[in-house]
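Atoms within each ligand, like the ligands themselves, are counted from 1 in listed order.
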Amino acid sequence: MKTDTIAAIATAMSSSGIGIIRISGEQAFSVLQEIFRTKQGKKLDKIVSHRVHYGHIYDGNEMIDEVLVLVMRGPHSYTAEDTVEIDCHGGVLMMKKILETVIKYGARPAEPGEFTKRAFLNGRIDLSQAEAVIGVINAKNQYALKSSVSQLAGSVSDRIKRLREQIIYEIAFIESALDDPEHISLDGYGEKLLGNLEPMIQEMEKLVSSADNGRVMTEGVRTVILGKPNAGKSSLMNVLVGEERAIVTDVAGTTRDTLEEHIRLQGISLNIIDTAGIRETEDVVEKIGVLKARNMADEADLIIFVVDASIPLDENDEEIIELIRNKKAVVLLNKTDLEMTVTKEYLEEKTGHVVIPVSAKEETGIELLEQEIKSMFYQGEIDFNDEVTITNVRHKTALVEALASLRMVRQSVCDGMPEDFYSIDLMNAYEVLGSVIGEAVEEDLVNEIFSKFCTGK
Ligand code: GDP
């Protein structure tokens, strides 16, 4: 495939020790030959792949910078095309100047994600691996990083490919038998198919359920703290924040006007939603209204309900108890350093949730809270081991659809439907799974995925 040659600054646009300009495409080497001179002032007349050359970048007679260049001949490069990386001094002006020179001599500016898109279009990586590149770059914690690295190495792709192979085998068998009934018999095939479907369905169910853990792991647990005025919500926040003050950041919320605060507990990120509501008002429920509190509770992965143990429950507490029924919630019985009016047992019975006695003032019981949260979101240790985790919503959606198709096949077999019914749903599962790795996906989707990248990647 003939492509034009693209170039971009691959490192951050800020002053740093080294900056890298990346060039990829058919003219990558000829552009380099125009602008690079070795220490002896010579052009590179022969390009030997995977070499590093020391010398200078020139625009005509003007010397621009002292550099190291790496040359990689396709397909053994990131994009699978001829690629050059110029290591220059990492000043913003310098990087821009070199990029301009590269463009002057025949490359064009790359679009965001275009290098990775080429790696995908050239078949070096599949779509799920390309998406993992964004994951690796944007990973906010070690779990997110680990899962992206494993996805980049092909863990998700391998699973998907295996499932597709199994499915296409069944489709091929049915189609051949229907074509050639004299030689291939479908007698007893339904039973056999059921036996083959079951492990596939189980595997896909597991992958789908890993997606929720995956999201929590990579993005953090959306957490809402509820409680009546003076129950101790702010004090609790301060204790939790105090655990790791250095990494707490206030960011303007991604949605509407909410403010999120990020807290790390034993490797899990809690994104405390609407801390403004907690910190600036006396009472979340009263100030923001029951409706909004309900919405927040609906959107949250976790609700922490703070109860004042020193005074009897009031209607505010009752309202919240109703709100959190059947939700993932932990109840904190706070102020246990004072004389207690409300007991753990009573509250447990009343709310149906785990109740943890704490004192925000004396900072006791906080560890139990951390352990409880950890066990709520992870079965066993927080560790991937070799398990594949789905962290991408697009992948999850595809898996859910493919799973539904396989369940339909199972139903059709059980209902004694004719065999050609099976292959329609099998085919759908096969195609939908293919979309995860980028087989037969629409160009628009590909463009959308790569537009999320930064330039130079
Ligand atoms: P909020 O309105 O729910 O945010 O409650 P605050 O965190 O502002 O706390 C209200 C009052 O209760 C403050 O005077 C706190 O010092 C006090 N308080 C909070 N937690 C405790 C606790 O565990 N023990 C005691 N004795 N007082 C507490």
Could you list all the salt bridge (Lys or Arg N to Asp or Glu O under 4.0 Å) pairs where at least one residue sits in residues 333-345, not counting sequence neighbours?
->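 For residues 333-345, and leaving out neighbouring residues, the salt bridge (Lys or Arg N to Asp or Glu O under 4.0 Å) pairs sorted by first residue read Asp308-Lys335, Lys344-Glu348.
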Output every pair passing salt bridge (Lys or Arg N to Asp or Glu O under 4.0 Å) with a member in residues 397-408, not counting sequence neighbours, ordered by first then second residue.
->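 Matches after skipping sequence neighbours: Glu205-Arg407.
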Hey, is Ala231 one of the residues with a heavy atom under 4.0 angstrom from ligand 1?
->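 Yes; Ala231 lies near enough to ligand 1 that a heavy-atom distance drops under 4.0 Å.
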Would you mind checking if Lys228 and Glu315 are paired as a salt bridge, meaning a charged N to carboxylate O distance below 4.0 Å?
->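 Salt bridge: no.
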Salt-bridge present (Arg325, Glu322; N to O < 4.0 Å) |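 Looking at Glu322 together with Arg325, the answer is yes, because their closest N to O distance falls below 4.0 Å.
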If you draw a 6.0 Å radius around OH in Tyr54, do more than 12 non-hydrogen atoms from other residues or ligands fall strictly inside?
->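 Atom OH in Tyr54 is packed in, count exceeds 12.
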Can you find an N or O of [X] that's nearer than 3.5 Å to an N or O of ligand 1?
X      : value
Thr336 : no
Gly232 : yes
Glu362 : no

Enumerate the atoms of ligand 1 whose separation from the nearest heavy atom of Leu338 is less than 4.0 angstrom.
->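 The atoms of ligand 1 under 4.0 Å from a heavy atom of Leu338 are 26 (N).
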Heavy atom under 4.0 Å from ligand 1: found in Asp337's side chain, backbone, both, or neither?
->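 Only the side chain of Asp337 comes within reach of ligand 1.
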